[in-house]
Every structure is written in structure tokens, then in C-alpha cells.
Number of protein chains: 2
Amino acid sequence: MNDISILTKALQHSGLRLTPQRMAICELLAATDRHPTALWIYEQLRPRYPSLSLATVYHTLEALVGLGAINELGSAGDGTVHYDANVQPHINLACVSCHRVIDLPSEHIEHVASEVKDASGYRLFGARILYYGLCPECQAKAI
Amino acid sequence: MNDISILTKALQHSGLRLTPQRMAICELLAATDRHPTALWIYEQLRPRYPSLSLATVYHTLEALVGLGAINELGSAGDGTVHYDANVQPHINLACVSCHRVIDLPSEHIEHVASEVKDASGYRLFGARILYYGLCPECQAKAI
DNA sequence: TCTAAATTAGTAATGATTATAAATTGAAAT
DNA sequence: ATTTCAATTTATAATCATTACTAATTTAGA
């Protein structure tokens with residue numbers, strides 16, 4: 001869940017046009033708690049935008065990543081790239097079996113950020129923090 | 001840099017054979033500070049093992065990941081999977097300008113791992129922790 | 001040595017992503 | 001309103017990492 005205006009303003013401010021397709025992709029990114037793939041977005045929007053092309057979805061996501069408005073999560077074990085509209089430092093937790101990716105709040109992660117900054121002298125822009133393991137449901141199935 | 005016996009023992013203990021190909025892959029994983037891809041490993045070993053197959057590299061890496069002896073890092077922007085022989089919790093820090101990736105030790109990150117485990121009920125296998133920003137050298141250049 | 005299973009090599013198949021080119025759209029200027 | 005030009009979309013082809021498959025090879029144990 002996120003503020004859609006962050007996404008749309010990022011596009012407009014950089015001189016890119018806010019087309020209906022891009023608007024719909026931003027709406028979906030802002031409205032979901034999931035960490036969608038390009039294909040999932042494409043399938044969600046196809047009923048409303050029958051002419052939508054998968055290439056457009058990829059182009060828009062690439063633009064938003066380049067603007068820092070969303071993050072690319074890298075493959076979570078299923079070989080496909082997931083995206084995250086939440087660019088605030090937080091923890092992603094992926095199940096290697098069912099491939100769900102959930103968000104986790106963390107108290108300690110803020111200490112890590114300042115630790116990194118102090119120890120390295122880097123000016124930090126963001127972070128992608130992905131833990132992976134077996135979720136409780138898949139642990140139960142495995143038995 | 002890592003202890004090769006951790007890798008070889010993991011293979012042997014699970015009943016898998018320690019073939020020359022697998023031994024060579026373990027040596028390479030243990031000797032490097034990089035985060036190698038399957039293709040990089042293949043190209044490194046081909047001079048010494050001209051008959052080595054890329055499929056064998058993938059099979060061996062898959063086995064080591066399954067045993068928890070190495071971690072799969074997921075694609076970090078270049079579309080290829082990287083592996084990390086360092087399974088101890090640590091932080092990768094990437095410079096968005098010069099694209100170097102360095103490792104950072106962290107005290108707080110261990111607390112995060114136990115926090116994640118306790119809060120989620122997941123059985124954790126590993127983590128990919130990447131901070132990105134501008135390194136001191138590139139900050140100086142930017143001025 | 002002999003046999004059965006594991007492993008490897010080589011190659012084909014898969015599937016996500018990207019590149020390309022033609023068609024469409026949109027904004028500005030006339 | 002029309003023209004023009006660049007941005008965008010669409011459709012499809014190409015690419016590239018990875019997986020699947022099969023035959024050949026190797027290994028461990030009888």
C-alpha cells in the first residue's frame with residue numbers, strides 16, 4: 001500500500017507522459033501489498049486494457065525503477081523479478097517454496113542503516129533487504 | 001574467502017560424491033571474495049577442465065544451495081543469479097556510481113535475523129542484504 | 001571384473017526479458 | 001482545425017540464463 005501520487009509525480013516531474021497505461025500500472029502498484037511481477041501486472045490490467053502490451057509494463061517498471069520510485073527485488077527463487085512500491089527501508093521475506101514475498105517491520109533494521117552509514121562513509125540512498133526461508137504453511141506441507 | 005571443507009563436507013555428508021568437477025567448484029567458491037555466477041565459474045574452470053559442462057556447474061551449485069552451504073543471491077540488476085559462499089550474515093554495500101560492491105560486517109544484522117525468525121515463524125535459509133549509495137571516493141568526485 | 005546407480009556432458013527446450021519496427025497517440029505550432 | 005514531430009504503445013522477434021533430457025562415462029561395491 002502506497003501513495004499513488006509519489007509514482008505519478010515521479011513520472012511527470014521527469015518529463016515522461018502520464019499515459020492511461022502508466023497511470024493504471026501506478027494505481028496497481030500503489031494499491032497492492034504484494035510484490036508484483038511484470039506478468040502479474042499485465043494479467044491484472046488486461047481485462048480493463050485489452051490492448052495492453054507486456055512490453056509496456058516492462059518499460060514503465062524500468063522507468064519507475066530508474067526514478068527511484070519503486071525497487072526491483074531480484075528473483076526470489078522463482079526466476080522472475082519482483083517489484084516493490086515501498087522504497088522505505090524494510091524487510092522482505094520470501095518463501096522459497098510458495099514464492100510469496102511479505103513485508104516485515106523491524107526495529108533493528110534502522111540501527112543497521114546508521115551502522116552502515118557510519119562505518120562506510122557512504123551517502124545511502126536505499127536498501128533491498130530480502131530474507132528467504134520456508135513459511136509456516138509450507139513447513140506444515142513438507143511434513 | 002571461506003573454508004573449503006565446509007563445502008566439501010556438506011556434499012560428502014549428504015551422500016553426494018566429491019567428484020573432481022565438484023571439488024574444483026568448491027575450491028573456486030572458497031577462494032573468491034566475489035559473488036560468482038554459474039557462467040563465471042564455468043569460464044574460470046574451463047582451462048583446467050576442458051570437458052566441463054555448464055550444466056554440471058548449475059547442478060553442483062543447486063546441490064550446494066540445497067544443502068545450505070552457499071547462498072543464492074538472486075539477480076542484482078544484471079539478470080543473472082549470483083552465489084555467495086559466505087553464509088554468515090553480512091551486508092553488501094554497492095556504489096551507484098562506480099558499481100563496486102563491498103562486504104561490511106555488522107553487529108546489528110544478527111539481531112535482525114533473530115527478529116525476523118521470531119516474528120514470522122519462517123525457517124530461514126539466508127538473506128540478501130544490499131545497501132546502495134555513493135561511496136566516499138565518488139562523493140569527492142561529484143563535488 | 002561386473003553391475004547398477006550416480007554423475008557428467010552435450011544439446012534441446014523453456015521462459016523471462018529486451019530489442020526492434022511499425023502504428024498510434026499527444027502536444028505544440030501554425 | 002490541421003500539421004508535424006517526438007514519445008509511446010503494440011506486436012513480435014531475438015536474446016540469454018536456466019532447466020530438462022538423454023546418452024555416455026565414472027564410481028562404488030559385490
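Residue numbers start from 1 in every chain, and the chains themselves are labelled A, B, ... in the order their sequence lines are given, proteins ahead of strands.
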Compare side-chain N and O positions of Gln21(A) against OP1 and OP2 of dT10(D) and report whether any pair is under 4.0 Å apart.
-> yes
Comparing Leu18(A) with Ala38(B), nearest DNA chain D nucleotide closer to 5' gives the residue Leu18(A)
dA9(C) phosphate, OP1 or OP2: any side-chain N/O from Thr56(B) under 4.0 angstrom?
-> yes
What's the OH-P distance between Tyr49(A) and dA11(D), to the nearest Å?
-> 16 Å
Interatomic distance where NE2 belongs to His59(B) and C1' belongs to dT11(C) [whole Å] | 12 Å
Using a heavy-atom cut-off of under 4.0 Å over every strand shown, decide if Leu16(B) touches base, sugar-phosphate, or nothing.
-> sugar-phosphate
Tyr58(B) vs dT18(D): side-chain N/O to OP1/OP2 distance below 4.0 Å = yes
Can you check the Leu52(A) CG to dT25(C) P distance for me, whole Å?
-> 14 Å
Under a single-linkage definition using a 4.5 Å side-chain heavy-atom cutoff for Ile, Leu, Val, Met, Phe, Trp and Tyr, are Val65(A) and Trp40(A) assigned to the same hydrophobic cluster?
-> yes
Determine, using the 4.5 Å side-chain heavy-atom cutoff (strictly less than), whether Ile129(B) and Leu124(A) are members of one ILVMFWY cluster.
-> yes
Answer yes if the ring centres of His35(B) and His82(B) are under 6.0 angstrom apart, and no otherwise.
-> no
Could you give the CD1-to-C1' distance, from Ile25(A) to dT8(D), as a whole number of Å?
-> 12 Å
Between C1' of dA6(C) and CG of Leu11(B), the distance in whole Å = 14 Å
Looking at Thr19(A), does any N or O in its side chain come under 4.0 Å of the phosphate oxygens OP1/OP2 on dT9(D)?
-> yes
Pair Glu27(B) + Arg22(B), salt bridge at N-O below 4.0 Å = no
How long is the line joining CG of Leu54(A) and P of dT20(C), in whole Å?
-> 18 Å
Grab the two heavy atoms, one from Leu67(B) and one from Ser14(B), that are nearest each other, plus how far apart they are.
-> CD2-CB, 3.5 Å
Atom-to-atom span, CG of Leu61(A) to P of dT9(D) - whole angstrom | 12 Å
Round to the nearest Å and state the distance from Gln12(B) atom CD to dA6(C) atom P.
-> 17 Å
If you pin Arg17(B) and Ala55(A) to their nearest nucleotides in DNA chain C, which one's is more 5'?
-> Arg17(B)
Winner on side-chain proximity to Ser53(B), out of dT7(C), dA9(C), dT8(D), is dA9(C)
Is any side-chain nitrogen or oxygen of Ser51(A) closer than 4.0 Å to OP1 or OP2 of dT10(D)?
-> yes
